[in-house]
2 protein chains.
Amino acid sequence: MNKLYGYWRSSAAYRVRIALNYKGLDVEHIPVHLVKNGGEQHGDAYLAINPSHLVPTFTDREGLKLAQSVAILEYLQDTYPTPTLLPFDPKERAIVRSMVAAICSDIHPLNNLRVLKYMSAQGFSDEQKSQWYQHWVSVGFETVEAMLQQYSGQYCFGDQLSFADVCLIPQVYNAKRFNIDLSPYPLIEAIYGRCCELSAFAMAAPEQQADAGA
Amino acid sequence: MNKLYGYWRSSAAYRVRIALNYKGLDVEHIPVHLVKNGGEQHGDAYLAINPSHLVPTFTDREGLKLAQSVAILEYLQDTYPTPTLLPFDPKERAIVRSMVAAICSDIHPLNNLRVLKYMSAQGFSDEQKSQWYQHWVSVGFETVEAMLQQYSGQYCFGDQLSFADVCLIPQVYNAKRFNIDLSPYPLIEAIYGRCCELSAFAMAAPEQQADAGA
């Protein structure tokens, strides 16, 4: 049985849940509580599976232990190519991957739980953390919005769902949690609305997970 | 003619230079000075090519304008598959991609020039910036070293060069610039030494670029 070690509010786990749903793949969800008891991701049991202290991890019965959400997405695409989440044309798939990186390398790693926790431990105020969060989301969403002006249709890349949507929606969810005003990013907001109506995305939402609220 | 917009000291551009060299591809290098005049990456001329205010960008004669180093690496692999920089087996290539993300999402975006500049503008001291840099490199290199214990040979993934090496070497170069002690990471250090002797890596080094020292 495939297993996904994740956490309901983790944006990175949320990405993988969307892709699994879209491709119709069964998986056992193993919650790793990122806050309780100092964070289960730091415990020996989890570190034996993933030494990064981060979720998600995807495992299968053949012994694969795979960290990093984007690597998991690519693996799912390589292994279960249909329904596809990458265009077939190399230039088109390259553009999708550049959108993925604009979100998963240039926004999320600056603003995730471990960074905000580290800032608190270093004595940064809530105000400073909030400014930091808002700054990197704004810079990142400006870039993504500009890419969408060039490439989007119903979804991030034309009218075909792709990894770009799979990664954008959790980032928008996260930004809304932090009360970011989305009105400067009308394309992001519209695509978020459209994707949230699709069952693969709706079923992957944090509040729909068994560990939600835990 | 393919063009690479980059900067000699940019780790992300350095990754792409290594891959281009390894695959024997000709490219015209267009320097974008990240510091002079407030940063040429913020100028209208560059933003028309890449709205992210970041290097590198890869362009070709057919009008492709591709941002994000990892997307460029994947594009080069898709378009020029040999010599390969990804294993053929889906599980093996997934592991390589997870190493890439451990470096390119979890280390570099926290420590690159724009982040350090923003911290200065917010009034953080050099001491605070140095602590920040060291913290995220240490956390990240611990993860990478643990992955290498499981998967490395002569290079990051067995004895076959891959994207993982292409991404690791610029990150180590960057860490050495910031005087990070590499002795806790013997596998990283050994692979760095081996790769630097290869011509594709040596020719891509910052000091070998036409704009070096500019």
Side-chain angles (χ1 to χ4, degrees), chain A residues 12 47 50-54 57-58 60 62-79 89-91 93-102 104-110 112 114-115 118-119 122 124 128 131-132 135-136 139-140 142-147 149-150, chain B residues 12 47 50-54 57-58 60 62-79 89-91 93-102 104-110 112 114-115 118-119 122 124 128 131-132 135-136 139-140 142-147 149-150:
Chain A
L47 292 178
N50 184 335
S52 74
H53 302 251
L54 295 167
T57 308
F58 180 81
D60 70 9
E62 292 160 56
L64 180 72
K65 292 177 188 165
L66 185 57
Q68 292 290 344
S69 62
V70 174
I72 299 169
L73 296 181
E74 293 275 3
Y75 175 71
L76 295 176
Q77 177 67 23
D78 277 348
T79 316
D89 177 77
K91 296 196 180 198
R93 62 170 54 204
I95 297 298
V96 168
R97 285 179 171 134
S98 72
M99 292 180 180
V100 166
C104 303
S105 291
D106 286 347
I107 303 176
H108 184 250
L110 285 155
N112 65 9
R114 68 172 188 160
V115 172
Y118 179 72
M119 294 179 87
Q122 295 297 104
F124 293 99
Q128 283 175 310
Q131 274 183 9
W132 172 273
H135 176 75
W136 295 115
V139 167
E142 275 168 33
T143 298
V144 172
E145 186 78 8
M147 296 174 94
Q149 281 168 9
Q150 195 171 355
Chain B
L47 292 178
N50 183 336
S52 74
H53 302 251
L54 294 166
T57 309
F58 180 81
D60 71 8
E62 291 160 58
L64 179 72
K65 291 176 188 166
L66 185 57
Q68 292 289 345
S69 62
V70 174
I72 299 168
L73 295 181
E74 293 274 4
Y75 175 71
L76 295 176
Q77 176 67 21
D78 277 348
T79 315
D89 177 77
K91 296 197 180 197
R93 62 170 54 205
I95 297 298
V96 168
R97 284 179 170 134
S98 72
M99 292 179 179
V100 166
C104 303
S105 290
D106 287 347
I107 303 176
H108 184 250
L110 285 155
N112 65 8
R114 67 173 189 160
V115 172
Y118 178 72
M119 294 179 86
Q122 295 296 104
F124 295 101
Q128 284 175 307
Q131 273 184 9
W132 172 273
H135 175 75
W136 296 115
V139 167
E142 277 168 32
T143 297
V144 172
E145 186 78 8
M147 296 174 94
Q149 280 168 10
Q150 193 170 357

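Labels below follow one simple rule: chain letters A, B, ... track the order of the sequence lines, proteins then strands, and each chain is numbered from 1.
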Do [X] and [Y] come close enough that some side-chain heavy atom pair is under 4.5 Å?
| X | Y | value |
| --- | --- | --- |
| A:I95 | B:L64 | yes |
| B:M99 | A:Q68 | no |
| B:D106 | A:R114 | yes |

What pair of heavy atoms forms the shortest contact from B:P90 to A:Y75, and how long is it?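 It is O-CD1, 3.6 Å.
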
Closest approach of A:S105 to B:C104 (non-hydrogen atoms, all atoms of both residues):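 Heavy atoms only, the tightest pair is OG-O, 3.5 Å.
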
Is chain A contacted by the side chain of B:W132, its backbone, both, or neither, given a heavy-atom distance below 4.5 Å?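 For B:W132, backbone and side chain are both near chain A.
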
Chain A: which of B:E62, B:E142, B:M147 shares the most heavy-atom pairs with it under 4.5 Å?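 Top option by heavy-atom pairs under 4.5 Å: B:E62.
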
At a heavy-atom distance under 4.5 Å, which candidate from A:S98, A:S52, A:A71 has the highest pair count against chain B?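 When all of A:S98, A:S52, A:A71 are compared, A:S98 has the most.
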
Residue part contacting chain B, namely of A:L54, when any heavy atom lies under 4.5 Å: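 The side chain, not the backbone.
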
Please state whether the side chain, the backbone, both or neither of A:V115 comes within less than 4.5 Å of a heavy atom of chain B.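 Both backbone and side chain.
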
Identify the residue among A:L66, A:D60, A:T79, A:D78 that makes a side chain to side chain contact (heavy atoms under 4.5 Å, CB included) with B:K91.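 When A:L66, A:D60, A:T79, A:D78 are each tested with B:K91, the side chain to side chain contact (heavy atoms under 4.5 Å, CB included) holds only for A:D60.
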
For B:E74 and A:R93: C-alpha separation, side-chain torsions, deciding distance, then whether salt bridge (charged side-chain N to carboxylate O under 4.0 Å, His left out) applies. CA-CA 9 Å; B:E74 293 274 4; A:R93 62 170 54 204; over 6 Å; no

Nearest 0.5 Å, what's the CG-CG distance between B:L110 and A:N112?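 Rounded to the nearest 0.5 Å, the CG-CG separation comes to 7.5 Å.
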
Could you give me the CA-CA distance, side-chain angles and deciding distance for A:Q122 and B:Q128, then say whether side-chain hydrogen bond (donor to acceptor under 3.5 Å, both in side chains) is met? CA-CA 9 Å; A:Q122 295 297 104; B:Q128 284 175 307; over 6 Å; no

Between A:H135 and B:Y118, what is the ring plane arrangement, given parallel below 30°, perpendicular above 60°, and tilted in between?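 Rings of A:H135 and B:Y118: parallel, as their planes differ by under 30°.
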
